[in-house]
Amino acid sequence: MSSPPPNAPPIPNLRVDEVFAPDGLLARAFPGHEWRAQQLEMARAVERALGEKRHLFAEAGTGVGKSFAYLVPQILHALRADKPVVVATNTIVLQEQLVGKDIPALQRILPMKFTAALAKGRGQYLCGPRLRLAVEQPELAFEDHPGEILGRMAKWYREAEICDRASAPFPIPEDVWSRVCCDDSCSPKSRKERPCHYHLARQRQRTATIVVANHALLAIDLKARATGGKVLPDASAIVIDEAHAFEEVALAQMGQEFRRKAGARLLAEIFSDRRKSGILLQFSDPRAATRLVAEAREEEGLFFRELDRWASGKTRKRDDGSPLDVHIRVREDGPWDAAAAKPLENLAQELREFIPAAKTAEVAEELTRLSKRCDDRAESLRALLAPAEASVAWLERAGSRNEWELRRVPIEAGPMLEKALFTADRTVTLASATLSTGGSDFSGLRNRLGAKDADEISVGSPFNFEEQVTLIIAREMPPPQSAAAYAEALPRKILKYLHRSDGRALVLFTSFATMRHAHEKVSAEFERPILMQGGGMSRDRMIAEMKANPGTVVFGVESFWHGVDVPGEALENVIVTKLPFPNPSEPVVEARHELVKARGGKPFMELDLPEAILMFRQGFGRLIRTRTDRGIVVVLDSRVVSKGYGRKFLEALPACRVEYDDEP
């Protein structure tokens with residue numbers, strides 16, 4: 001990077017006005033740059049919050065350029081504090097935009113040097129010692145020899161600066177990657193000639209100006225700090241972009257879960273009698289340890305059989321006998337206990353006793369690693385089954401075989417985040433296009449995240465929605481409560497508006513069952529390709545297909561309501577099939593309702609309506625991504641006009657043309 005010009009202002013004196021003014025650094029760097037007053041307003045608010053050590057909700061409409069608006073003041077703040085700023089996003093797409101586009105652009109524009117690093121979880125990095133063990137003694141790690149891929153991975157490890165899974169130049173099967181990646185027991189003390197790349201990445205993060213992570217990693221870091229640990233560097237400030245999605249991710253990371261596949265994989269790495277593989281083959285007399293492996297396997301099998309038996313008596317069944325319910329709330333102690341924890345703890349101790357007899361450093365490190373994983377799994381099971389106030393437990397069907405597993409999370413994220421995230425020694429900026437429920441009402445998200453004393457700013461989009469968008473409301477559509485009539489009318493209405501836009505549509509649903517029914521009916525009568533979530537194609541691949549082949553239609557549920565960015569003619573129609581209220585039968589939603597009622601509140605007004613409006617705004621926002629985009633947003637839920645609360649959904653949208661479909 002070139003040196004700053006001689007007349008460049010020193011870091012402490014550079015203000016955001018000098019960057020975002022109509023004739024500022026940004027305008028001078030990009031000929032034809034279109035000045036946006038909203039971007040400057042947001043940047044000033046972030047700068048002010050950092051200077052006053054205030055937390056901030058910063059809502060910015062599509063097209064504002066919010067990443068630049070928070071990055072510039074945060075970079076200046078990090079340089080002055082000589083301490084990094086952490087930026088956490090919900091989607092990989094935004095991470096890639098920040099690291100691959102926005103930050104490099106600012107490195108060219110701003111008159112000072114700064115660096116950025118991308119932080120990922122341990123399991124995303126290649127571990128040198130584990131790879132070496134797998135290459136030299138594959139029978140210790142694998143039930144089935146992985147073939148030539150280990151040699152390719154070894155070559156990649158030698159040649160690449162840092163190996164993380166996303167940058168691998170070839171596909172790596174999950175069962176291979178799990179044996180050679182870093183895990184929670186990996187130590188930074190490995191010899192320099194065979195380092196674990198997770199620890200190399202952490203070294204970079206400690207010296208970076210901006211550390212980009214995801215929501216999950218930030219939540220893991222907050223949880224670790226509660227017990228004296230940490231995953232991310234100490235930060236002078238934190239930015240949570242796509243902050244509307246942070247609560248759900250934080251809750252998941254605060255909770256506990258006990259999954260079948262993780263246990264089976266762990267025990268197979270230690271010893272598999274069927275395949276005659278595992279670390280214990282290294283030793284001449286491992287009989288005591290192999291008996292403990294068998295005992296742990298049997299106890300875990302008993303635990304999950306009890307889950308299955310209990311769930312079988314609770315769940316509704318389809319005609320073919322398969323379970324209909326995805327979740328089953330656990331309100332009382334079930335017929336299971338923590339008996340599976342003891343053999344895991346015994347096995348961990350037995351593995352540690354083998355360490356002095358290990359023939360190589362790699363085997364000793366693997367024994368240490370496996371023993372810690374046994375202890376951690378036992379501890380997780382005990383914590384999961386221990387009484388916990390203000391938490392909710394449930395069984396959840398998971399995996400390709402739809403087997404039942406046990407989970408527990410806090411009912412609310414706010415109490416923990418208020419203590420761990422919104423501290424007085426740093427500023428937290430929460431940014432998104434949708435943080436309020438319209439009219440700058442941030443109270444819903446503010447309360448759920450525990451950010452009771454945060455400042456707030458809402459800047460609108462520079463786009464002209466009145467010219468670019470037509471909102472179509474199906475007033476005579478049967479309401480969703482009239483299930484049979486609604487299910488019959490829905491495919492017909494979808495088909496009508498797919499013909500109007502010649503495909504080029506994103507159709508948003510709130511349930512897989514409704515989506516599958518509509519897809520079956522519509523795809524039989526529409527000539528364009530219709531891709532459906534859960535149909536064998538990943539979300540990113542579906543979006544890529546839509547961009548590459550204009551006319552393609554995508555049917556999606558929750559994850560498609562936000563984070564989808566398809567500018568131009570490939571997306572000219574967003575169809576909202578139903579107002580996105582939370583499912584009242586989901587365990588966390590149900591438990592929150594009970595908590596609000598116990599406090600004398602009204603769950604619908606305090607929880608369901610604000611959450612639905614935020615999601616509705618996110619869905620609407622998928623249509624217009626640039627100043628030249630045009631299209632329609634179709635709402636096929638008549639409650640938006642027939643119910644008193646419906647106007648709140650419409651008032652939360654930017655002003656646009658409105659049409660009514662009065663056909664039955």
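Neither side chain, Ser538 nor Asp540, offers a donor N or O lying under 3.5 Å from an acceptor on the other.
One finds no salt bridge joining Lys648 and Glu651 here, because no Lys/Arg side-chain nitrogen approaches an Asp/Glu carboxylate oxygen to under 4.0 Å. Ion pairing between a basic and an acidic side chain is recognised when a charged N comes within 4.0 Å of a carboxylate O; Glu606 and Arg599 show no such pairing. A salt bridge is absent between Arg373 and Glu366: the closest approach of a Lys/Arg side-chain nitrogen to an acidic carboxylate oxygen does not fall below 4.0 angstrom. Using a 4.0 Å cut-off between a side-chain N of Lys or Arg and a carboxylate O of Asp or Glu, Glu161 and Arg204 qualify as a salt bridge.
Atom NZ of Lys261 is surrounded by 12 or fewer heavy atoms from other residues, nucleotides or ligands within 6.0 Å. Counted within 6.0 Å of CG on Asp425, heavy atoms from surrounding residues, nucleotides or ligands total more than 12; the atom is thus considered enclosed. Within 6.0 Å of CD on Glu379 lie no more than 12 heavy atoms contributed by other residues, nucleotides or ligands.
The aromatic rings of His197 and Tyr157 lie parallel to each other, with less than 30° between the two planes, well short of the 60° mark. Using cut-offs of 30° and 60° for the angle between ring planes, the Phe442 and Phe57 rings count as tilted.
Summarising the geometry of Leu50 relative to Pro73, their closest heavy-atom pair is CD1-O, 3.5 Å, with the distance given to 0.1 Å. Taking each heavy atom of Phe560 and Ile543 in turn, the nearest pair found is CE2-CG1, 4.3 Å. Here the closest heavy-atom approach between residue Ala338 and residue Leu385 is recorded as N-CD1, 3.5 Å. Across all non-hydrogen atoms, the minimal contact from Ala208 to Val211 is CB-CG2, 4.2 Å. Considering every non-hydrogen atom in both Asp608 and Phe581, the closest pair reads O-CD2, 3.8 Å.
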In residues 62-71, what donor-acceptor pairs under 3.5 Å come from side-chain atoms, sequence neighbours left out?
from: Lys66; atom 1: NZ; to: Asp241; atom 2: OD1; distance (Å): 2.8
from: Lys66; atom 1: NZ; to: Asp241; atom 2: OD2; distance (Å): 3.2
from: Ser67; atom 1: OG; to: Asp102; atom 2: OD2; distance (Å): 2.8
from: Tyr70; atom 1: OH; to: Asp241; atom 2: OD2; distance (Å): 2.7

Got a list of side-chain donor-acceptor pairs under 3.5 Å for residues 85-93, not counting sequence neighbours?
from: Thr89; atom 1: OG1; to: Thr91; atom 2: O; distance (Å): 3.0
from: Thr91; atom 1: OG1; to: Leu94; atom 2: N; distance (Å): 3.3
from: Thr91; atom 1: OG1; to: Glu242; atom 2: OE1; distance (Å): 3.2
from: Thr91; atom 1: OG1; to: Glu242; atom 2: OE2; distance (Å): 2.9

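The backbone N or O of Cys163 lies less than 3.5 Å from no partner atom in the side chain of Ser167, so there is not a single donor-acceptor pair. For the pair Ser236 (side chain) and Lys83 (backbone), a donor-acceptor distance under 3.5 Å is present. A donor-acceptor distance shorter than 3.5 angstrom exists from the side chain of Arg539 to the backbone of Ser559, with no hydrogens or angles considered. Under a 3.5 Å cut-off, the side chain of Trp177 and the backbone N or O of Gly123 do form a donor-acceptor pair. Looking only at distances, a side-chain donor or acceptor of Trp35 sits under 3.5 Å from a matching main-chain atom of Phe20. In this structure, the side chain of Arg408 engages the main chain of Leu384 through a donor-acceptor pair within 3.5 Å. Listed for the Arg446 side chain is a donor-acceptor partner under 3.5 Å among the backbone atoms of Ala454. For Gln253 (side chain) and Leu217 (main-chain N/O), no donor-acceptor pair under 3.5 Å exists by modelled atom type. Looking only at distances, no side-chain donor or acceptor of Arg448 sits under 3.5 Å from a matching main-chain atom of Glu412. At least one donor-acceptor pair closer than 3.5 Å links the side chain of Arg122 to the backbone N or O of Asp183.
Residues meeting the salt bridge (Lys or Arg N to Asp or Glu O under 4.0 Å) test with Asp375, sequence neighbours left out: Arg352. Not counting sequence neighbours, the partners of Glu418 by the side chain to side chain contact (heavy atoms under 4.5 Å, CB included) test are Lys452. Residues satisfying the salt bridge (Lys or Arg N to Asp or Glu O under 4.0 Å) test with Lys230, not counting sequence neighbours, are Asp234. Scored by the side chain to side chain contact (heavy atoms under 4.5 Å, CB included) test, Asp453 finds Arg54 as partners (sequence neighbours excluded).
Residues Leu56 and Thr427 fail the side-chain proximity criterion, which asks for heavy atoms closer than 4.5 Å. Annotation: side chain of Arg627 is in contact with side chain of Glu34 (closest heavy-atom distance under 4.5 Å). A heavy-atom distance below 4.5 Å is not found between the side chains of Phe258 and Glu405. Annotation: side chain of Thr429 is in contact with side chain of Gln74 (closest heavy-atom distance under 4.5 Å). Here the side chains of Glu59 and Met42 are not in contact, with every heavy-atom distance at 4.5 Å or above. Side-chain contact between Leu609 and Phe649 is present, with heavy atoms from C-beta onward closer than 4.5 Å. Counting only heavy atoms from C-beta outward, the side chains of Leu200 and Tyr125 never approach each other to under 4.5 Å. Between Cys127 and Glu365 the shortest side-chain heavy-atom distance does not fall below 4.5 Å.
A side-chain contact (heavy atoms from CB on, under 4.5 Å) with Phe246 is found for one member of Leu430, Leu445, Leu251, Leu421 and no other, namely Leu421.
Taking CG of Leu76 as the start and CZ of Arg80 as the end, the distance is 5.0 Å to the nearest 0.5 Å.
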